[in-house]
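Given the structure is predicted, the values throughout are model-derived calculations rather than measurements. Numbering of ligands and ligand atoms starts at 1, following listing order.
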Amino acid sequence: MAFQERVFSGMQPTGSLHLGNYLGAMLQWIKLQETHECIYCVVDMHAITVWQDPDQLRSAIRQVTAAYIASGLDPKRSILFNQSEVSEHAELAWVFNCVARLGWLNRMTQFKEKAGKDRENASVGLYVYPDLMAADILAYQATHVPVGHDQKQHLELARDIAQKFNNDFGPWIEKAGYEDGIFFPQPEPVITGLAARVMSLRDGTKKMSKSESSELSRINLTDDADTIAKKIQKARTDPEALPSEEKGLEGRPEAENLVGIYAALLGKAKADVLKEFGGAQFSVFKKALAELCVTRLVPIAVEIEHLLADEGEIDRILADGAARARAIARPVINKVKDIVGFVRT
Ligand code: TYM
């Protein structure tokens, strides 16, 4: 069966979004709205796999929703909602917990990183997180998933789950009316962001992340102009001037990261940026980078503030999105129930 092309993706409401989320994923989400039916979720159920203060979680869900809209997602054109309001995600995740194998989950590097040394004390939710992520995507039979590079392994697992479900239940899928025995598509990762890996401003070998303790390591979408300028000014660099060709960035992770950010914000190649700045000292380049970041990001921060002033409107947008999401997911989950042999009364 040829599946209708449909886009699904999500971000965790654990603090405010940062430049990595914006360049690695959000810019693609915005572009895909032009060509595809898009479903963008605030994945609050994923957030609680590690402890969240309930009051902060509630405000982060609204803040991320505001950041989606302020960045350019259109709640009329795309479906925007929070995961916990569409219970089909949790229902399908349970079925996938029974399809995925322990050995598959044991290989997930993000679990190993997040659980750290004290694995026995990690939540079970953190361990089965990739099953819920597969359910997020497949509850909509989504075919395309725009993400940053760090989600690649999780998406491979989602593909394995889709395939195993199709294999395990092939004859029953056919009986349910799917002649080729295929119920779930193989979702394609879309990792084409010009900056699919934005690195920490303090250490060019680590990715920019919400969980790093130093605020100086990331630029948040809610930062004001002075904060952005200060973080860029303090960003770690090396003592050399910028090279004039891309191969000169090899072995210089901090230089490569800053040039990559500049290029991605302009939608240009790194080589083009180096044509302009090759030979320049970091002091000169950082000034230009700070100006560009401020020009691009401060209007988003202002709009986030403006949207958050009316929480009722944000909640209405989420409710409308959840209703539209449910209308797609419910029939899919009903079919899954028929296929696995549950009785629907
Ligand atoms: P999350 O919330 O960590 O990140 C949201 C998106 O931002 C991308 N990203 C980055 N891209 C480039 N450089 C970085 N430093 C960087 N940091 C984050 C992520 O790759 C992601 O695309 N498990 C997911 C959320 C999720 C999901 C899904 C995604 C839940 N269900 C279904 C797609 C489909 C996560 O924790 O993303």
Side-chain angles (χ1 to χ4, degrees), residues 6-30 32 38-50 52 60-61 63-64 67-68 71 73 81-84 86 89-90 92-93 96 108-111 113-114 125-126 128-159 161-162 187-212 217-221 253 256-257 260-261 264-265 325 329:
R6 185 178 279 151
V7 171
F8 182 96
S9 201
M11 297 198 192
Q12 293 197 54
T14 43
S16 76
L17 299 185
H18 55 68
L19 191 59
N21 302 130
Y22 183 71
L23 296 178
M26 182 59 80
L27 287 182
Q28 298 179 75
W29 294 16
I30 295 165
L32 283 163
C38 297
I39 306 173
Y40 296 128
C41 186
V42 180
V43 291
D44 48 9
M45 286 159 62
H46 278 96
I48 63 164
T49 55
V50 296
Q52 301 297 323
I61 293 167
Q63 203 197 85
V64 170
Y68 279 7
S71 301
L73 298 184
F81 71 106
N82 62 313
Q83 188 182 25
S84 59
V86 180
H89 292 238
L92 186 57
F96 286 172
M108 294 295 115
T109 53
Q110 210 160 76
F111 174 76
E113 277 163 25
K114 286 204 176 168
L126 188 65
V128 293
Y129 175 121
D131 294 348
L132 177 59
M133 186 163 155
D136 297 338
I137 300 162
L138 294 169
Y140 305 93
Q141 295 176 314
T143 54
H144 292 80
V145 187
V147 285
H149 190 267
D150 62 341
Q151 296 301 316
K152 191 164 182 265
Q153 194 185 34
H154 288 157
L155 280 174
E156 279 159 11
L157 189 96
R159 291 165 67 87
I161 289 176
E188 295 274 346
V190 183
I191 309 182
T192 54
L194 283 170
R197 273 167 76 80
V198 177
M199 309 312 271
S200 157
L201 299 181
R202 305 299 289 166
D203 178 350
T205 62
K206 280 205 217 145
K207 77 169 185 186
M208 185 178 283
S209 121
K210 287 173 214 153
S211 51
E212 184 167 338
S217 69
R218 63 185 162 265
I219 293 174
N220 296 315
L221 293 190
E256 178 161 23
N257 189 39
I261 291 172
L265 279 171

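Residues Val43 and Asp136 are in side-chain contact: their nearest non-hydrogen atoms beyond the backbone lie under 4.5 Å apart. Proximity of Pro146 to Val7: side-chain heavy atoms (C-beta onward) are separated by under 4.5 Å at one or more points. Between Asn257 and Val198 the shortest side-chain heavy-atom distance falls below 4.5 Å. No side-chain heavy atom of Arg218 sits under 4.5 Å from any side-chain heavy atom of Leu201. Residues Pro130 and Leu157 form a side-chain contact, since some pair of their non-hydrogen atoms from C-beta on lies under 4.5 Å apart. Annotation: side chain of Gln63 is not in contact with side chain of Tyr68 (no heavy-atom distance under 4.5 Å).
Side-chain rings of His144 and Phe8 stay apart, their centers remaining 6.0 Å or farther from each other. Residues Phe81 and His89 bring their aromatic ring centres within 6.0 Å.
In terms of protein heavy-atom proximity, atom 31 (N) of ligand 1 is closest to Asp136 OD2, 2.7 Å. In terms of protein heavy atoms, atom 36 (O) of ligand 1 is closest to Tyr129 OH, 2.7 Å. In this structure, atom 18 (C) of ligand 1 lies nearest to the protein heavy atom Asn21 ND2, 3.3 Å. Shortest contact from atom 37 (O) of ligand 1 to any protein heavy atom: Gln151 NE2, 3.8 Å. The protein non-hydrogen atom at the shortest distance from atom 19 (C) of ligand 1 is Asp150 OD1, 3.3 Å. For atom 12 (C) of ligand 1, the nearest non-hydrogen atom of the protein is Ala196 O, 3.0 Å. In terms of protein heavy-atom proximity, atom 33 (C) of ligand 1 is nearest to Ser9 OG, 3.5 Å. When hydrogens are left out, the protein atom nearest atom 2 (O) of ligand 1 is Gln12 N, 2.9 Å; that is the closest non-hydrogen contact.
Inclusion of Ala25 in the set of residues having an N or O under 3.5 Å from an N or O of ligand 1 is not warranted. Backbone and side-chain nitrogen or oxygen atoms of Met11 are examined, and none is located within less than 3.5 angstrom of a nitrogen or oxygen of ligand 1. Looking at ligand 1, you'll find an N or O of Val198 within less than 3.5 Å of one of its N or O atoms.
Look at Asp150 and Lys207 and you find a salt bridge, because one of the NZ, NE, NH1 or NH2 atoms lies within 4.0 Å of a carboxylate O, short of that distance.
The atoms of ligand 1 that sit less than 4.0 Å from any heavy atom of Met208 are 14 (C), 15 (N), 17 (N). Every atom of ligand 1 is numbered from 1 in the order shown, and the set under 4.0 Å from a heavy atom of Gly24 is 11 (N), 12 (C). Close approach to Val145 involves these atoms of ligand 1, each under 4.0 Å from a residue heavy atom: 33 (C), 34 (C).
Under 4.0 angstrom from ligand 1, there are no non-hydrogen atoms of Thr14.
Residue-ligand proximity: Lys210 is placed with a non-hydrogen atom under 4.0 Å from ligand 1. Taking 4.0 Å as the cut-off, His18 counts as a neighbour of ligand 1 on heavy-atom distance. In this structure, Ala195 is part of the shell of residues with a heavy atom less than 4.0 angstrom from ligand 1.
For Gln153 and Thr109, the side-chain atoms include at least one donor-acceptor pair closer than 3.5 Å. For Thr192 and Gln28, the side-chain atoms include at least one donor-acceptor pair closer than 3.5 Å.
Between the CG atom in Asp44 and the CE atom in Met11 there is a gap of 15.0 Å [rounded to 0.5 Å].
When the heavy atoms of Ala47, Gly20, Gly10, Pro13 are ranked by distance to atom 11 (N) of ligand 1, first place goes to Gly20.
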